[in-house]
Structure formats: structure tokens, C-alpha cells
Amino acid sequence: MEPTKGVELWPVQLSQHAQQVDWVILAFTALLVVLVLPVFAAMIYFAVKYRRGSMADRSPSASRNVWLEASWSVIPFLLAGVFFAWAASLYFDLFHPPADSLGIDVVAKQWMWKFEHPGGQREIDTLHVPVNTPVELTMISEDVIHSLYFPALRIKQDVLPGRYTRLWFKADKVGEYHLHCAEFCGTDHARMGGSLIVLDPEGYQRWLGQAGADTSLAAAGEALFRKYGCSGCHGANSSVRAPNLAGVYGSPVPLDGGGTVIADERYIRDSVLFPKKQVAAGYKPIMPTFQGQVSEEDLLKLIAYIKSLS
Amino acid sequence: MTSIAAEAAAEPSYLKAGYTLRSWLLTTDHKRIAVLYMISVTAFFFLGGAAAAAVRINLITPEGAILTADGYNKAFTIHGVIMVWFFLIPSIPATFGNFLIPLMIGARDLAFPRLNLASWYILMFGASFTMYALVAGGVDTGWTFYTPYSSMFSNSHVIAAIIGVFISGFSSIATGLNFIVTIHKLRAPGMTWFRLPIFVWTHYATSLILVLATPVLAISLILIAAERLLGIGVFDPALGGDPLLFQHLFWFYSHPAVYIMILPAMGVVTELVTAFSRRRIFGYSFVAFSSLAIATLGFMVWGHHMFVSGQSMYAGMVFSILSFLIAVPSAIKVYNWTATLYKGQIALDTPMLYAMGFIGLFVVGGITGLFVASLAVDVHVTDTYFVVAHFHYIMVGATVMGYLGALHYWWPKITGRMYPEWWGRISAAFVFFGFNLTFFPQFILGYLGMPRRYFTYPPEFQVLNVMSSAGASILAVAYLFPFFYLLWSLRYGKIAGPNPWGAAGLEWTTSSPPPKHNFPEIPVVTAEAYAYPVAADGGATHHG
Amino acid sequence: MAETQLVLHEPFRDRAQQREADALGMWVFLGTEAMMFGGLFFALIVIRVIHPQGAQEATDKLDMWLGGLNSALLLTSSLTTTLAVTAARKGARSITTGCLLASAALGMAFLCVKGYEYYVDYGKGLMPGVGKPFPIETTGAELFINGYFVSTGLHAIHLFIGVCLVVGLAGAVWLRRVPVPGRSIVVEMAGRYWHFVDMIWIFLYPVLYLMDRGG
Amino acid sequence: MAKVIRTGDLIVFAVLIGLLALNMAQARWLDLGVVSRVVTIALAAGQALVLLWYFLELRSATLLIRLVAAAGFFWLAVLFGLGLNDWLTR
């Protein structure tokens, strides 16, 4: 588990995605070297052969062929198109996590990473995950733009204030690896990093036990649901007419004024902070805003609770 | 040719048209303004270089050798701001473009000489704000000024820096406008579009970018200033604003800005390759139109800076494929330069060494550009040293090589004196070697996962960082050589004569340095560009 | 532009060439201005796209009648500017002066209406940072209003520069410092700028006041 | 005064004011839904084109100057098209 010392010439491949990215860059490099070396060789050869004063043959050559000239550019471009498609399909996969992913919440702030596991375990700057399990991170920033970067997984994603972004991976080797902030975020940007610790399944369970969480995220969210008075209106026996939140997560919500929206994390977050933005059809826009009162971490707990209702 | 030069000698050269400071500071002669620009951008280059030196020294040890975290952040920011806006953007266009475009098209001056002088003053005025930000305590946002850090969180002198950049933008706009009008309206009789040197074509394309992109930078800087200074939040996430809006506006300028830096250098290299192989450029119209293609496509790819920013996946794909397209006109240029060498009369004088160096480094920079345009690869390497290395291959490797090549090639025209050839070749070799030692290790560092803008880093990256810093020290010395021997040559250099290289082009038909009005009378052009003899006789015409 | 009609500027070979160069330079300059305001329009449209509801409620707070009045004032000033150009070309010195002053007066009227509107906005609490708290809770509304202030403010600055320019030019024409028809190109160039500032408002008005207006 | 007032200019002015009135009317009294955005911009663009063509004299301008004007619109279209593509496909 010691981080490598000395000169490394190739970074660890911690996932299938990492292997694929490495293949793209290696194959692409090979193609480009094949295309470029003749050009360099020709340059040097010409510079020597046709140096001023040399007796090389300089009689005018045969007529030009425009199509041949154009093909020099077009054929490499079409070949490069293959690499565009390959890299794009890998990029596409990054946006489509498996349905059974383990969800972990990430809150970034100057200059630390806070991770929250579904069971309520919290850690700072270190992320423990089980091996061979897809993990999906739901990330948000409390201040400026950060970027969560795992070199060994060849992935990074900017973490924005005001909006959730996502990142998913499936690490396939046990060990300890770097994680960094990759988007400049102020004084201690360079220190805003830590470790990704990949554990075998038993080790992960053991760690979850030791990490000492009293309550799961959803349970903590339920407590907050009462504390902030949400239950007063959204509760089952409430006299105020507000939408019942059971089963709402992941389902389409018809909106006042037409249209529907899928009730995902973004929608729930916006409904708490900006309740008048997208009002559910058939309800009055009476909910007050909780902007400035609920922290990003509490919001994630509330979302976990609402998720648990479905 | 000699008779024209003799007639031109009747009028004093532009250098002798007046000796007072006033005659320089109030001049409207494009050649004198070019010299003013040259002196200023040289000063900015060494200032930005000093900041780079601080950065590289600091990175010798993993914990940061000399600077605090804040000090380091300010050093790389000021390095970026000065190098981008006060060196690279004005470098070739405002010095060599200014000096040469009227000479190359057979005009007496640029279309708006007073606007030209004003643009230099505007640049100096803008620079004074940015310098103020520097001495008042620095600015730490990075040259990209990303919101909300720049608008709501940074405690440094963001406003002064932004005002400086904003003002200098008007200098760019004025220069671009002047070039466009000049190239359209002041070409000598017979100087048709397809007789223009490629240098003029690339400057035309550059000017298009200057006038179309710079205003968008201006507005995005105004919006930051309004948010930071007046509390008029337009990007503020707390109000529902989207920080990505700033990034879109910023890169709409800043990606094309890279082509402001590289296109003029491509023009220079075309002149050098033709002059030192005594050949017409291979595929003139391809090379000419590829400049316009690069300028136009350059506006359609900005989103490739934002693949991991939270931009829509589909937008990412569109920007990626458009970025691949730019490889086509770039490749055309490289192939055609190489083909121009074929059956030429090649002399490896200093300018040609820089030109060949340019081609090599540009190819490496361009190819790594294809890597970072590939979506999944970019996800890994963006915001790492891989990207730092990539854009330094383009912006320093290629553009500064082009600038130095131009400086040596046209030095006899500008000053009337030759530089010392031996020193020129030695320093060209040192620049090439130092540059590669500095920046090649950074590709590896980046792929290994070292993020950029880090003042401290994991210890396993130290060896590569030390290599890079060692290369930087060689590069620093190599950049100082020309500074000294060119100054030396002003007094002791060999007298150049009108056309020391035996080159084609109108600028070589007038005396060196040219008279105040460039030509004794407006030339009438009857020859194609690069009118070198097509088939030479075994090439026994080595110049002295 | 203090030279008289007889002076040919340094780099030009003849007056036709100089005239064409001036015209082209002016158009390129207008192109840069269009790109700058284009960035602002882009920001406003993006706000409308991401916060349709907030932007609509913000739009409803703006007075489309005052804005419409301003549109009419500027369009009228464009007419008087066109008349000034025609008059200058025909050498009608006093009419040129009069029309230019009329344009400037209409421009000033626009600025006064705009100032009054800002005062009303201030009263409603729309102005960022001062006055009453912002009246609309819906997300995006404040963002949109902020965009409104930046864009109308920048336009007002441009118009103010235009007014100064046109007043100065009117004086110069009257005093024969800019003789007409000899140097009518100067009037023409000033007119181009004026029309352009009008054109920015032609787009600003609907984008700010009319689009998505609630019933 | 009479010799500088040309009927053409007055007609152009009337068209400009007419388009303005039309735009205000549709915004105030017509509820066109999503189409209204297109209509609003189309009417404004109509005004701008009339202004460019007549008052800014593109009608009698050289091809080069028309190209400059068109270039401005082309590059703005690039900004809007590729830029909005992000928000519309998120």
C-alpha cells in the first residue's frame, strides 16, 4: 500500500476504463508517429541533399497532382476519426453509470473533500471503496469550482457550486492511490487531495464498521426533515396541501404550467432552495425557500431520505 | 534593384528621420511604432520569464523550494497574464506585422497611422494597470479568471489585472482593424491577393480573430468586474447563475487567441522556408486559404476546454469533432513547408534553424492537441501538466521560435546590420534543446497525473520536475544570448545592404533600414510571390 | 478629423482610396461592437433558457411602455440622422446642423427616460445592492435584472458617447470646421455609429422587455 | 429642408415604427407560447435588416462592406449556436 517512490513511467491502471484510455493514447501515438516520422525524415533528408552548393538534381519535377496533395490531409483525418469515435464512446460511458452502483456523496470546499457513505460514514480527503464494485459519486461544491481527479482511474470531473455533477468508476485493484483537486481553487489548491483506498469486500465492510456512523444518511435525513419543518407540510397528516414525497424520487412530476420533470437529485435540491422554480402541478407555490439555511451536506442527507421513501 | 535602393538612399532611413525622444514617442511611422512594440514586448517577455523562473525554481522540491502557496499562485498567474496578453498576442503581429505589412504590399504606411500609435499607447496604459496589480500584491486567479473564484472569492488584485487586460484588448482591436483595412485598400498596383506573401495572408486571418474575438473577452471581463465590484451577479451560483456561462464566453475568445499567436508565426515560417530554400511555396493557394480556414474553425472549438466542466455530453462531442477538423489545414501547412524544401537551395542560417525548429515543435504541439481533443483522453489529461506541455509547445515552442526566426531574418532590414551568425546558430540550438528538456518531461508528468497549478506535489514526480527546471535554466540563458548579441550588432554588426539573403519580396527591394516612406515611389508589382528561379543550375550560388 | 477637405492622409494615394478605407474601418469597428454586445445577448438568452420562469417574472417588472417610447425615440433619431447625412451631401450646412442637433436631443430624451426608468426600478427594489430588497423570489429573476442593468447601462454609455460626438460634429459643421459637402464623409461615419447604437437597442428592447412576457 | 426629406426615408421610418408597434402588440396581447420568442426575435431582426439596408446604406455599399456586415452575423451565429447547444442538450 506504499505509494510508489522514484520514477514511474506509466501510471497504474486501476480500471478497465483506464486500460482503454491508455490503449487509445498508445494506438493514436503509433498512428501519428507513422504519419509524422516520414515528414521529419524528409525534412532532414532534403536539408542535407539540397543544401546550397550541393550538386543534387534540381530539374523540374512532373506536374502536380492536387488530389494527391489533398489526400495527404484527408486520409490521416479519416484515420483520426476512428480515434475520435473510440474516445467519444469511452466518454459516453462515463455519463452512464450502472444501475447497481454504490452511491457516495461528495461535498467539496476550500480546501477539503468530504465523502459521505450511504450508511452515514463520513471521511475527509480519503475515500474508501470496495474493489470490483461500481461506485457513483454525486458531487457538489460549497464555494468555488473544484475538480475531483483520480489519475489511476484516468477520470476527473469538475465539481460545481449550485449543481450536482457525477463521476463513476469500478476499481479493480486493491491498494492506495492519489486523488487530487484538478481545478485551481485558491491558496491551498495543491494540498486539496488525499487518497483513494480500494479495499476487498470484507475489508470494506470492516472499515464501514470501524468508521463509526451512528445513523445512516437516510436516517439523518429523516431527522433533518423534521428539524427543518418539512414534515409539517409534506407529512402524511398535514393540514397544508403539499405533495406527498413517498415514491416521488425517480418518477416524473407534472409541473404547474405544463411539462414534466424527473424528480432526480437536482430537482429535489432546487425544490428546497428555489421552491418557485418548478412547482408541481396542482399545488400552490407556498413553500418558503431554504436557501442559506440548509448546508450542502444536509441537502444530500435530505435527498437520501427522500430516495429511501421510494 | 540596385538603382531603386540607390534612389531610396536619397531619403534618410526611418531611423535617422529624427533623434529626439519626441520623434519616437509621437511618431506615426509604422516602422518606428514596430520598434516601440518590440522594445515593450521584449521587456514583458523577460518579466513574464522571471515569473516562470520563480515557478520552475519552486518546483525543484516537492514541498516547494522558495515560494509560499500564495506566492506561487501569484507567480504562475502573472506569468500567464503577461505572456498571453502582453507578449504573445502583440508579439509577431504588432512588431513584425506592423513593420512588414506595408513594406510587403508596397504601401507607405498602415491605413490609420495615428490609430496605430494609439494602439501602442493603449497597450502601455493597459499594462500599467496589470503592473499595478503586480506591485500592489499580485493576483492569484490564474490567467483564465474562472468565476466564481475570480468574482467572489479571491482576495487579490483581480480588478486591476482585469482592467489592464480589458484595455489592452482595445490595442488588439485597433491593430487588427488597421491591418484589415490596410491589406484591403493599400496594396500597390499589381499586388493582387494571390501575389501577397503568405505572411500577409496569415496576418489577415489573425486580424479577423483580433477584431471578432477580443470584444467577447471584453464583455466577459466587464461582467466579472460588475460582479466583483458592484455586486451585479451575472454568474453568481447563489442567484442561479451558471459559472459555465463565463467559461463559454472566455474560451470563445481564448481559444481563437491561440491562433492569434500561432498564425503569424506560420506566416513567418513560410517566408523563412521559401527564402532559405530559394523556392516558391509549394501549393500557395492551399497555404493561403488554410490560414483563413484555421481562423474560422478556431471559433468553433472552444468547448474542448470544457469536457470535464459539467458541459453537456453532446456539446462535448460536437466540439471534439470540430477540433479534429482543425488538424486538416494545419497538416496542409506542414506538408507544404516540407515539400517546399524539395529541390531547393537550402541554407541552414539562423532564421532557417528557427523555422525548422518551429515545424518540429509545432508538429509535436499539434499532435498532442489531437490527444487533448479526444474526449476520454482529455478527461484524464486536462488540467494536468500534459496540457501545460501541449500549449507550451504551441505558444512557446512554435510561436517564440517563429518570433526569434523573424527577429534574425528581418534584423538587417530593421537595423541595417547583420547579427553574428555563429552566435545565432549556437543560441538557436540551445533554445531548441532547452525547450525540449523543459517541456517534454511535462507530458510524462501530466500523464502520470500531476495536476497543473500545484506548488507542492507528490515526491515521485520530483525527478521529472528537476529535469524540467534544468531545461528551463538552459532556455533562460539561450533567450538571453540573442538579447546581448543583437544589441552588440547594432554598433558592430556588418552593414547589411538592401537584400542580404537574396530573398524575394518587396521589403527587400528598398534599402536597409528603409526610408521613412518605405519606397521612393510606389512599386508596381508584376511578379508572383516568391519569384525564385524555378530550376536552378546545380545550385552554385551560395551567398557570401 | 480636424484636417480640411484638401488634406490627403499620409498613406493614401488618392481620395477615393482614403474614403473607402475610412468606410471599411468604420464597418469593421461596428463589427467589433456587435461582437461585444453579442456576448451580452448570449448571456441574456442563456439566463432565459435556464430560468424561464424567473426571467419571465423579471420581464413583467419592466415597463414595456417606457421601453417602447425609448425605441420610438431612437428610431426617430435615426431618421433625423439620415436626413443629416443627406443634407451634408447636398451641402446644406444649417439643415445638417439642425438635424444632427435633433438626433442629439432625441438621444438625450432617451437617456432621460432611461434615467427615470432606473429611478422607478430603484423604487421597486430591482437595483442590485441598493434600495429595497429584491422583490422576486423565483430563481433567475435577479440574475436577469442584473443582466438588464449591465446591458442597458452599456448601451446608455454608447449612446452618451454618440450624443457627445454628434453635438461636437454639429458645432464643427456649423463653424465650417467640417465643411459640407466636402467632408460629408465625417457626418456619414458619425451616422453609421448612431444607427448602430440604435440597432443594438432594436434587439435589446425585445430581448429584455417583450420576450416571454406574461399576460 | 424639403430637398433633404426623401419619401423613401419616411417610408423606411414608418416601417420601422410599424414593426415596433407590431412587436409590442404581440407581446402585450397575443399569447403565442413558445412561438412568441421566435416571433419577437424575427420582428426585431426585420427592423435591424431594414435599418442596415436603408439607413446604414448597405443597399449601395460595396460587396466587401456587405461581407463585413454579414461576417458579424455569421460569427454571432457561431457563438449562439454552439454555445446554446450546451444548455439545450444538458
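We use all heavy atoms of the structure for the numbers below, so side chains are in, but hydrogens, waters and symmetry mates are not. Protein chains get the first letters and strands the later ones, always in sequence-line order, with residue 1 at the start of each.
At a 4.5 Å heavy-atom cutoff, the contact between Leu51(D) and chain C is made by side-chain atoms alone. At a 4.5 Å heavy-atom cutoff, the contact between Leu52(D) and chain C is made by side-chain atoms alone. Only the side chain of Leu88(D) comes within contact range of chain C, judged by heavy atoms closer than 4.5 Å. Of the atoms belonging to Ile50(C), it is side-chain heavy atoms, and not backbone ones, that fall under 4.5 Å from chain D. Heavy-atom distances place the side chain of Leu58(D), and not its backbone, under 4.5 Å from chain C. Interface remark: Leu84(D) contributes backbone and side-chain atoms alike to the contact with chain C (heavy atom separation under 4.5 Å). With a 4.5 angstrom heavy-atom cutoff, Ala23(C) touches chain D via backbone and side-chain atoms both. Using a 4.5 Å cut-off between heavy atoms, Thr76(C) touches chain D through backbone and side chain atoms alike. The parts of Phe41(C) that come within reach of chain D are both its backbone and its side chain, each placing non-hydrogen atoms under 4.5 angstrom from that chain.
Other residues, nucleotides and ligands place more than 12 heavy atoms under 6.0 Å from the CZ atom of Arg90(D).
Counting heavy-atom pairs closer than 4.5 Å to chain D, the top residue among Gly39(C), Ser78(C), Gly68(C) is Ser78(C). With respect to chain D, the highest number of heavy-atom pairs below 4.5 Å among Gly98(C), Gly31(C), Ala72(C) belongs to Ala72(C).
Evaluation of the side chain to side chain donor-acceptor pair (under 3.5 Å) rule for Arg66(D) yields no partner, not counting sequence neighbours. Contacts of Phe80(D) classified as ring pair (Phe, Tyr, Trp, His ring centres under 6.0 Å), with partners at least two apart in sequence or in another chain: Phe42(C).
Using a distance-only test at 3.5 Å, with no hydrogens or angles considered, a donor-acceptor pair links the side chain of Tyr193(C) to the main chain of His158(C).
Taking every heavy atom of both residues into account, Asn85(D) and Leu82(D) meet most closely at CB-O, 3.4 Å. Residues Tyr118(C) and Thr152(C) share a closest heavy-atom pair of OH-OG1, 2.7 Å.
Using cut-offs of 30° and 60° for the angle between ring planes, the Tyr205(C) and Trp201(C) rings count as parallel.
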